[in-house]
Amino acid sequence: MAVKDVKKVVLAYSGGLDTSVILKWLQTTYQCEVVTFTADLGQGEELGPARDKALMLGIKEQNIFIDDLREEFTRDFVFPMFRANALYEGCYLLGTSIARPLIAKRQIEIAEQVGADAVSHGATGKGNDQVRFEIGYYSLKPDVKVIAPWREWDLTSRTKLLEFAEANQIPIAKDKRGEAPFSVDANLLHSSSEGKILEEPWDAPDEIVWQRTVSPEAAPDKVTEITIEFERGDAVGINGERLSPATLLTKLNALGRENGIGRLDLVENRFVGMKSRGCYETPGGTILHTAHRAIESITLDREAAHLKDSLMPRYAEIIYNGFWFSPERRMIQSLVDESQNSVTGTVRLKLYKGNTIVTGRQSPNSLYSMKHVTFEEDQGAYDQFDAQGFIKLNALRLRLGAMAGRKGGAL
């Protein structure tokens, strides 16, 4: 786009080195007014310094937005995803992926509010986040201009970034003057670490990589027992205490942290085509995922549960690839949410040295029938003779195939 076409831009701003350099670069390259937006998603960092640094770099007070989005993030993004039991490639709880649509949504809202004609982010040209941010932007404001500095500038190394910062009097944290050992992204659901010392998939991650959990070996030698209460698929309380979504997830994070729960070392397939290695910590989310599947096990009809599970990989991929605002995600979400009408009850768990162990589940909507499943006298609840016809009818096509000489299912 032509530089002169941009008059005001809303930047997703963390206050770190990269986005501070981007802020200054936007001012000097595009000669435009910059509005900074910093989202508090529960990343555990003090956000005051981001405001101070923005002011120091010449941003007007009224152009600095720092929003506490923790409740909205948990209620409207994390919880809907957990109703679907979403796991990307079988194990990743999508902690980074699910934060991007909310950031994009709020950026566009601010752009509309302040009359900005462009938005900008600090994602690199190699990763998934550029896709997630920009698909989000275009879904909500199709004519918005998007500035992605990592795809435009010539600051292609950490050294050049530091030189630009020093030349423009941008404060640099002392630990940023050397090569960072790895990069970290965090929010209330998880933290992720990747790059640098983690790029070799054979090398075990050093303990310094894990920031949200104690090691399972160092976790207490005694069990922590908890209950989680659910209503219509969402967790609403812990140990009988009703909690808001963000407060509940925060408490689960603390329980998971002290019991060494939620570590994942994963090589995944990025949407842009390459494989990457990441180390993820999702302590509270891991507990919540296990508990949600447990309450579903006694409240969901078999075929409804199996249909839902068959859609889960597609749903997870949609979120991972950045299509939260797509019609296909909303369609699957409607099905998932409909399935949760009876997913109400309580799950009891033991937390112990990295393990989340279900020890009980109960629900007023339970489909578990003791009189049907018992090995004792069922007083006529189930006629075992019925199974004979059931088995023969299900075997009929195989018997016919065998009669035609196609034994063992041969085609």
Side-chain angles (χ1 to χ4, degrees), residues 79-87 90-91 93 222-243 245 248-249 251-252 255-256 259 261-262 284-313 315 332 334-396 398:
F79 275 13
M81 182 176 73
F82 271 70
R83 287 176 216 139
N85 301 318
L87 292 172
C91 49
L93 283 164
K222 64 177 183 177
V223 165
T224 300
E225 188 167 81
I226 64 169
T227 60
I228 300 179
E229 293 77 49
F230 288 88
E231 288 183 5
R232 296 172 63 90
D234 289 343
V236 296
I238 299 173
N239 296 333
E241 179 186 7
R242 198 171 183 93
L243 302 166
L248 184 143
L249 186 52
K251 187 164 185 175
L252 286 181
L255 289 164
N259 286 284
I261 291 168
T286 299
I287 299 169
L288 185 58
H289 177 81
T290 301
H292 183 256
R293 291 211 67 115
I295 193 63
E296 281 191 328
S297 73
I298 61 170
T299 55
L300 281 190
D301 167 78
R302 181 189 69 183
E303 294 306 313
H306 290 181
L307 174 61
K308 182 169 173 285
D309 277 350
S310 73
L311 292 170
M312 184 277 286
Y315 177 93
I332 296 176
S334 294
L335 181 149
V336 167
D337 292 350
E338 179 70 18
S339 77
Q340 302 297 286
N341 287 335
S342 297
V343 183
T344 294
T346 301
V347 177
R348 187 177 63 243
L349 309 104
K350 288 182 177 180
L351 312 178
Y352 182 68
K353 289 189 175 294
N355 296 291
T356 304
I357 306 160
V358 176
T359 62
R361 70 291 279 162
Q362 62 181 10
S363 170
N365 305 322
S366 177
L367 297 175
Y368 186 91
S369 172
M370 185 79 77
K371 66 181 181 179
H372 282 82
V373 79
T374 182
F375 284 106
E376 304 303 326
E377 175 58 50
D378 64 16
Q379 299 171 341
Y382 180 84
D383 187 344
Q384 296 192 34
F385 184 76
D386 289 346
Q388 178 175 307
F390 172 79
I391 294 166
K392 280 196 169 183
L393 283 175
N394 274 281
L396 179 58
L398 303 178

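Keep in mind that the numbers below use all heavy atoms, side chains included, and drop hydrogens, waters and symmetry copies. None of these values were measured; they are calculated from a predicted model.
A 6.0 Å sphere centred on CD of Gln384 holds no more than 12 heavy atoms belonging to other residues, nucleotides or ligands. By the 6.0 Å contact criterion, NZ on Lys350 is open, its count of non-hydrogen atoms from other residues, nucleotides or ligands being 12 or less.
Asp234 places no side-chain N or O within donor-acceptor distance of the main-chain N or O of Glu231, the cut-off being under 3.5 Å. Within the 3.5 Å criterion, the main-chain N or O of Thr227 finds a donor-acceptor partner in the side chain of Asn239. Formation of a donor-acceptor pair under 3.5 Å by the Asp301 side chain with backbone atoms of Glu303 is found in this model. Looking at Ser366, its side chain never comes within 3.5 Å of a backbone N or O of Gln362 through a donor-acceptor pair. For the pair Thr346 (side chain) and Glu229 (backbone), a donor-acceptor distance under 3.5 Å is absent.
Under the 4.5 Å side-chain criterion, counting only non-hydrogen atoms from C-beta, Arg361 is not in contact with Thr299. For the pair Phe79 and Leu288, the minimum side-chain heavy-atom distance is below 4.5 Å. Looking at heavy atoms from C-beta onward, Ile238 lies in side-chain contact with Leu248 at the 4.5 angstrom threshold.
Across Tyr315 and Pro80, no two heavy atoms sit closer than the pair OH-O, 3.5 Å. Heavy-atom minimum distance, Ala84 versus Met312: O-CG, 3.3 Å. Listed here is the closest heavy atom pair of Val347 and Val358: CG1-CG1, 4.2 Å. Looking at every heavy atom in both residues, Ser297 comes nearest to Ala294 through OG-O, 2.5 Å. The two residues Gln340 and Lys308 have their closest heavy-atom pair at NE2-CE, 3.5 Å. Across Thr359 and Leu349, no two heavy atoms sit closer than the pair OG1-N, 4.1 Å.
Remark: Thr286 OG1 to Leu255 CG distance equals 12.5 Å, nearest 0.5 Å. Once rounded to the nearest 0.5 Å, the distance linking OG1 of Thr356 with NE2 of His289 reads 10.5 Å. Remark: Thr290 OG1 to Ile295 CD1 distance equals 13.5 Å, nearest 0.5 Å. Note that CD1 of Ile332 is 12.0 Å distant from CG of Asp337, once rounded to the nearest 0.5 Å.
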Start with the C-alpha gap between Leu93 and Phe82, add the side-chain angles, then the distance that decides, and say whether side chain to side chain contact (heavy atoms under 4.5 Å, CB included) holds. CA-CA 9 Å; Leu93 283 164; Phe82 271 70; 4.1 Å; yes
Show the numbers, then the answer: is there a side chain to side chain contact (heavy atoms under 4.5 Å, CB included) between Asn259 and Lys353? CA-CA 5 Å; Asn259 286 284; Lys353 289 189 175 294; over 6 Å; no
Would Val343 and Arg83 satisfy side chain to side chain contact (heavy atoms under 4.5 Å, CB included), going step by step from the backbone distance to the final call? CA-CA 10 Å; Val343 183; Arg83 287 176 216 139; over 6 Å; no
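Partner of Leu252 under the side chain to side chain contact (heavy atoms under 4.5 Å, CB included) criterion, chosen from Ile287, Ile261, Leu351: Ile287.
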